[in-house]
Amino acid sequence: MQSSQPGFQNPIPTPEVIPDMPATGDSLNASTFKEVSFTLLDDFYAIDFTSEKVLPALFMIFFNPAFWNLVAQQEYKTHFLTKLFRGHRYAACYFLGLTIFSIGILRDYLYHEAILSQPTSVFMSHYEDVFTSFGIAFVAIGQVLVLSSMWKLGITGTYLGDYFGILMKERVTSFPFNVTEHPMYNGSTLIFYGTAFWYKSLAGVIMSELVWISYFIYSTLFEGPFTTMIYEKAAKEKSGSKDKDE
């Protein structure tokens, strides 16, 4: 698949002329391993990371979690969105949720356009059935994790209602939260990987890895600790009010 960028030539040989690689399940000796390694390197060097289609997708991958963490934390500290909606915190939360959902759709579109603009991986195309199966499985599992977590959390629980003072009565520990601590993030990442596998795109695999890194950074260093602080503070305030009543 040729890149859509003017003047960009795909240096990867077509699948018909590359060295034969072992069929699935065959053992890799030193020679065939070297051939596979060189093929993957060719796939990598064929990617144009400065493409006008790739750069916006990379930007949105890191911008989105940064945006909603920054806005949500500012809302918690200043209540600026709640004030904007005249004290209606649910309306403010729904507005932020709609915004997060919208920029998520934009990011997904840009990601899709980016991987279509880059050459198809010769290595992945050689094992087309395998990667197609992986793609279907990853997308299916990812959708289950995302949709089930949204079902359990509800709109406000999904879209940072905690930062608006809309707290969950208790921590959700049933599926999918008994499988993974961050089912929304992990499910979303699996969908990105699955899409890359479906299109046999090494560029998509690399961008999916960046999605996971961005989620890991913001969930581990920012969102997780901040959310924990919100609930610990609420618990102390609740405990303090009980002590006063007694």
Side-chain angles (χ1 to χ4, degrees), residues 62-105 107-108 137-194 211-246:
F62 287 97
F63 170 79
N64 283 20
F67 168 80
W68 69 62
N69 273 279
L70 177 62
V71 171
Q73 290 189 19
Q74 287 303 308
E75 164 60 24
Y76 179 80
K77 295 173 182 177
T78 66
H79 308 295
F80 78 102
L81 279 177
T82 300
K83 293 175 182 176
L84 182 65
F85 283 86
R86 299 181 178 276
H88 298 287
R89 58 184 181 179
Y90 276 89
C93 181
Y94 294 152
F95 172 76
L96 178 59
L98 179 61
T99 303
I100 293 173
F101 180 80
S102 299
I103 63 176
I105 293 295
R107 178 199 56 186
D108 295 349
F138 275 44
V139 170
I141 296 172
Q143 290 285 6
V144 169
L145 290 175
V146 170
L147 295 177
S148 60
S149 59
M150 290 184 69
W151 175 263
K152 289 296 179 66
L153 295 175
I155 295 177
T156 56
T158 299
Y159 293 109
L160 304 170
D162 326 83
Y163 294 73
F164 293 82
I166 309 170
L167 304 183
M168 304 284 291
K169 292 182 180 180
E170 58 184 3
R171 183 175 182 178
V172 180
T173 57
S174 57
F175 183 84
F177 294 90
N178 59 352
V179 175
T180 173
E181 185 177 0
H182 302 290
M184 288 285 292
Y185 290 156
N186 291 334
S188 176
T189 302
L190 285 175
I191 293 172
F192 277 99
Y193 273 116
V211 169
W212 181 85
I213 291 172
S214 68
Y215 280 158
F216 177 81
I217 291 173
Y218 286 105
S219 65
T220 303
L221 300 182
F222 299 98
E223 186 174 333
F226 203 91
T227 302
T228 299
M229 180 274 295
I230 291 175
Y231 279 92
E232 287 179 347
K233 183 177 179 181
K236 288 180 181 178
E237 291 176 351
K238 185 176 182 179
S239 177
S241 63
K242 285 184 178 180
D243 293 338
K244 288 181 181 179
D245 292 338
E246 294 175 355

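Side-chain atoms are counted along with the backbone in the values below, which use heavy atoms only and exclude waters and symmetry mates.
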Student: Can you confirm whether F216 is buried at CZ, in the sense that more than 12 heavy atoms of other residues, nucleotides or ligands lie under 6.0 Å from that atom?
Tutor: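 Not more than 12 within 6.0 Å, no.
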Student: Return yes if some donor-acceptor pair links the side-chain N/O of D162 with the main-chain N/O of Y231 below 3.5 Å, else return no.
Tutor: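 Answer holds: no.
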Student: Are the side chain of R89 and the backbone N or O of G165 linked by a donor-acceptor pair below 3.5 Å?
Tutor: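 It does hold such a pair.
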Student: If you round to the nearest 0.5 Å, how far is CD1 of I166 from OH of Y90?
Tutor: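 So the OH of Y90 and the CD1 of I166 are separated by 4.5 Å.
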Student: Does F164 have any ring-ring contact (aromatic ring centres under 6.0 Å, His included) partners at least two apart in sequence or in another chain, and if so, which?
Tutor: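 Not a single residue meets the ring-ring contact (aromatic ring centres under 6.0 Å, His included) criterion with F164.
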Student: Using side chain to side chain donor-acceptor pair (under 3.5 Å) as the criterion, list what pairs up with T156, not counting sequence neighbours.
Tutor: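 T156 satisfies side chain to side chain donor-acceptor pair (under 3.5 Å) with no residue once adjacent residues are dropped.
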Student: With sequence neighbours left out, write down each residue that passes side chain to side chain contact (heavy atoms under 4.5 Å, CB included) with L153, or none if nothing qualifies.
Tutor: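 If we apply the side chain to side chain contact (heavy atoms under 4.5 Å, CB included) test to L153, skipping adjacent residues, the hits are T158, M168, V172, F177.
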Student: Which pairs count as side-chain hydrogen bond (donor to acceptor under 3.5 Å, both in side chains) when at least one residue sits in residues 179-188, sequence neighbours excluded?
Tutor: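 Those involving residues 179-188 are W68-Y185, T180-N186, Y185-E223, S188-Y215.
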Student: Compare all side-chain heavy atoms of T227 with those of Y163 and state whether any distance is below 4.5 angstrom.
Tutor: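 Heavy-atom side-chain distance check passes, below 4.5 Å.
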Student: Residues two or more places apart in sequence or in another chain: which of them pass side chain to side chain donor-acceptor pair (under 3.5 Å) with N69?
Tutor: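 Here no residue qualifies.
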Student: Look up atom CD1 in I217 and atom CZ in F222, then write down how far apart they are to the nearest 0.5 Å.
Tutor: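 Here the rounded value is 8.0 Å.
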Student: For residues 77-84, which side-chain N or O atoms pair as donor and acceptor with protein atoms under 3.5 Å away, sequence neighbours left out?
Tutor:
from	atom 1	to	atom 2	distance (Å)
T78	OG1	Q74	O	2.6
T78	OG1	F80	N	3.4
H79	ND1	E75	O	3.4
T82	OG1	E75	OE2	2.6
K83	NZ	T78	O	3.3

Student: Using side-chain heavy atoms (C-beta onward) and a distance below 4.5 Å, is M150 in contact with Y159?
Tutor: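 Yes; the side chains approach each other to less than 4.5 Å.
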Student: To the nearest 0.5 Å, what is the distance between OH on Y94 and CZ on F101?
Tutor: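 Here the rounded value is 15.5 Å.
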Student: Can you name the ring-ring contact (aromatic ring centres under 6.0 Å, His included) partners of F67, sequence neighbours left out?
Tutor: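 Listed in chain order: F63.
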Student: Does S149 use its side chain to pair, donor to acceptor, with the backbone of V146 at less than 3.5 Å?
Tutor: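 Pair found, side chain donor or acceptor close to backbone of V146.
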Student: To the nearest 0.5 angstrom, please state how far the CD1 atom of I100 sits from the CG atom of L160.
Tutor: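 Here the rounded value is 5.0 Å.
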Student: Output all residues satisfying side chain to side chain donor-acceptor pair (under 3.5 Å) with S214, sequence neighbours left out; order by chain, then residue number.
Tutor: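 S214: no side chain to side chain donor-acceptor pair (under 3.5 Å) contacts found.
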Student: Counting neighbours of CD1 on I103 that are heavy atoms of other residues, nucleotides or ligands and sit closer than 6.0 Å, is the number greater than 12?
Tutor: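 Yes.
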Student: Please collect all side-chain hydrogen bond (donor to acceptor under 3.5 Å, both in side chains) contacts where either partner lies in residues 166-177, sequence neighbours excluded, each pair once.
Tutor: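 Only K152-S174 qualify under side-chain hydrogen bond (donor to acceptor under 3.5 Å, both in side chains).
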Student: Indicate the ring-plane relationship of F226 and Y76, choosing parallel, tilted or perpendicular according to the 30° and 60° boundaries.
Tutor: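 Ring orientation, 0 to 90° scale: perpendicular.
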Student: Could you work out, with side chain to side chain contact (heavy atoms under 4.5 Å, CB included) as the rule, every residue matching A91, not counting sequence neighbours?
Tutor: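 Scan of A91 (side chain to side chain contact (heavy atoms under 4.5 Å, CB included), adjacent residues dropped) gives F85, H88.
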Student: Once side chain to side chain contact (heavy atoms under 4.5 Å, CB included) is applied, do any residues pair with L98, and if so which ones, sequence neighbours excluded?
Tutor: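 L98: side chain to side chain contact (heavy atoms under 4.5 Å, CB included) contacts with S102.
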Student: Under the rule for side chain to side chain donor-acceptor pair (under 3.5 Å), what residues qualify as partners of T99, not counting sequence neighbours?
Tutor: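 For T99 there are no side chain to side chain donor-acceptor pair (under 3.5 Å) partners, ignoring immediate neighbours.
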